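To start, the structure under review is shown below, and the notes come after it.
This structure is a prediction, so every number in the text was calculated from the model and none was measured. Atoms considered below: every heavy atom in the structure, side chains included; atoms not considered: hydrogens, waters and symmetry mates. By convention in this document, chain letters (A, B, ...) are assigned in the order of the sequence lines, proteins followed by strands, and residues within each chain are numbered from 1.
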2 protein chains.
Amino acid sequence: MAKAKDPRVCSVARSLEVVGEKWALLAVREVFLGNRRFEEMVRRTGAPRDTLAARLRSLVEGGILERRRYAEHPERFEYFLTGPGFDLYPVITALREWGDKYLAGPDGPPLLVEHRCGNRLRSRLVCEACGEPIGAGSTRFPSLSASD
Amino acid sequence: MAKAKDPRVCSVARSLEVVGEKWALLAVREVFLGNRRFEEMVRRTGAPRDTLAARLRSLVEGGILERRRYAEHPERFEYFLTGPGFDLYPVITALREWGDKYLAGPDGPPLLVEHRCGNRLRSRLVCEACGEPIGAGSTRFPSLSASD
DNA sequence: TAGGGTGCATCCAGATTTTGGACTTACTCG
DNA sequence: CGAGTAAGTCCAAAATCTGGATGCACCCTA
């Protein structure tokens, strides 16, 4: 069965439709770091202005960012994280940690992150129910048949 | 200072250079789900063949996947996760959970994931050092100056 | 041994995106 | 007055993505 094209219905795929593009996620990163303005984002992400403008539009449309006017006349805008945008924190953190681990140069991770507790941040994914760590081996997909 | 273009040196950006593309991450997802062959990945991701072929090449080159021959003569290959590839699990999980939360249709999350403990998987990010949850508000960037 | 199916890959041409630089507009500052 | 800033937009060239067709080397079955 399942002969022809049959793309998986999947939350990963859906998420990637909204934030699965380099400049989109880097824009979100900037907002997390406190840079809310277009010019600053261009500078710190390195994105082409057109591309960044398009991404910001679609992030606003997708409900990840909110665009607020902070000046009239020359109309000027800032971007803020919405609730859903805020919840992208684990995605960004996971990507940062992966990069810290596998792509750091000899100088080590380029951006130091410190947890409230005072230690350098290293994160772990745990199950909300039982508190045990989650890894690729500790999860099952009960709805998947063998051919999936 | 920091007048002109000055893209941030950043692990998030570096990670996105390697896996920051929809089809790349969906290919990795398929391998996590146990689908290791090209044809199957085309089918389940919906990616164009050429694009998927290019992504697989770059994932192999980037050390995320390993390409192993499983048949000679008609040479046939399978893709396996390397160590670094395996460590992308938190990235995929974070994306899936975000999608489950914000993009699920009326039927709820399309793919059920169950933790070893028997509960439906909901993950939480905690600090390895102190065990407390990590959120956008609980981390600091000691190396960042005000203008960053 | 012909016919049909599978699996990986490549070629192509057209459509879409991305890119960087120049430009616009309306201020503010010195 | 001239320079600078901010948030874009405009543009044309370059790069990339896309889907369909094609090739190839098997395997299986009748």
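Applying the side chain to side chain contact (heavy atoms under 4.5 Å, CB included) criterion to B:Ser58, with sequence neighbours excluded, gives no partner residue. Taking the ring-ring contact (aromatic ring centres under 6.0 Å, His included) definition, one finds that A:Phe32 meets it with A:Tyr89, sequence neighbours left out. With sequence neighbours excluded, no residue satisfies salt bridge (charged side-chain N to carboxylate O under 4.0 Å, His left out) with B:Arg14. Legend: residues meeting side chain to side chain contact (heavy atoms under 4.5 Å, CB included) with A:Glu39, ordered by chain and number and at least two apart, are A:Arg49. Scanning for side chain to side chain contact (heavy atoms under 4.5 Å, CB included) contacts around B:Ala129 gives A:Cys117, A:Asn119, B:Cys127, with sequence neighbours left out.
Between A:Met41 atom CE and D:dA6 atom P the separation is 13 Å, expressed in whole Å. To the nearest angstrom, P of D:dG8 lies 11 Å from CD of A:Glu78. Atom P of nucleotide D:dT16 and atom CG of B:Leu52 are separated by 17 Å, given to the nearest angstrom. Between the CG atom of B:Leu56 and the P atom of D:dC17 there is a distance of 13 Å, given to the nearest Å. Rounded to a whole Å, the CD atom of A:Glu17 is 14 Å from the P atom of D:dC17. If you take CG of B:Asn35 and P of C:dG7, they are 12 Å apart, rounded to a whole angstrom. The CZ atom of B:Phe77 sits 10 Å away from the P atom of C:dT10 (whole-angstrom rounding).
Heavy-atom distances to DNA chain C give each of B:Phe38 and A:Ala54 a nearest nucleotide, and the one nearer the 5′ end belongs to B:Phe38.
Screening A:Arg68, A:Glu66, A:Arg67 for a side chain to side chain donor-acceptor pair (under 3.5 Å) with A:Tyr79, the sole residue that qualifies is A:Arg67.
Side-chain nitrogen and oxygen atoms of A:Arg57 include none within less than 4.0 Å of the OP1 or OP2 phosphate oxygen of D:dA7. Distances shorter than 4.0 Å separate none of the side-chain N or O atoms of A:Tyr70 from OP1 or OP2 on D:dA6. Side-chain N/O atoms of A:Arg43 include none lying less than 4.0 angstrom from OP1 or OP2 on D:dA7. The shortest distance between the side-chain N/O atoms of A:Tyr79 and the OP1/OP2 oxygens of D:dG8 is below 4.0 Å.
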Can you give me the dot-bracket string for DNA chain C, 5' to 3', counting Watson-Crick and G-U wobble pairs with both distances under 3.5 Å, using [ ] for crossing pairs and | for partners on another strand? ||||||||||||||||||||||||||||||

For A:Tyr70 and A:Arg36, what are the C-alpha separation, side-chain angles and deciding distance, and is it a side-chain hydrogen bond (donor to acceptor under 3.5 Å, both in side chains)? CA-CA 11 Å; A:Tyr70 70 91; A:Arg36 298 184 245 283; over 6 Å; no

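No engagement by B:Arg69 is indicated, since no non-hydrogen atom pair under 4.0 Å with the nucleic acid exists.
For residues 122-133 of chain A, every residue pair satisfying the side chain to side chain donor-acceptor pair (under 3.5 Å) rule, not counting sequence neighbours, is listed here: A:Glu97-A:Ser123. Among pairs with a residue in residues 55-64 of chain A, those fulfilling salt bridge (Lys or Arg N to Asp or Glu O under 4.0 Å) read A:Glu21-A:Arg55, at least two apart in sequence or across chains.
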Going 5' to 3' through nucleotides 19-30 of chain C and flagging B where a protein heavy-atom sits under 4.0 Å of the base, S where only the sugar-phosphate is that close, and - otherwise, we get BB-B---SS---

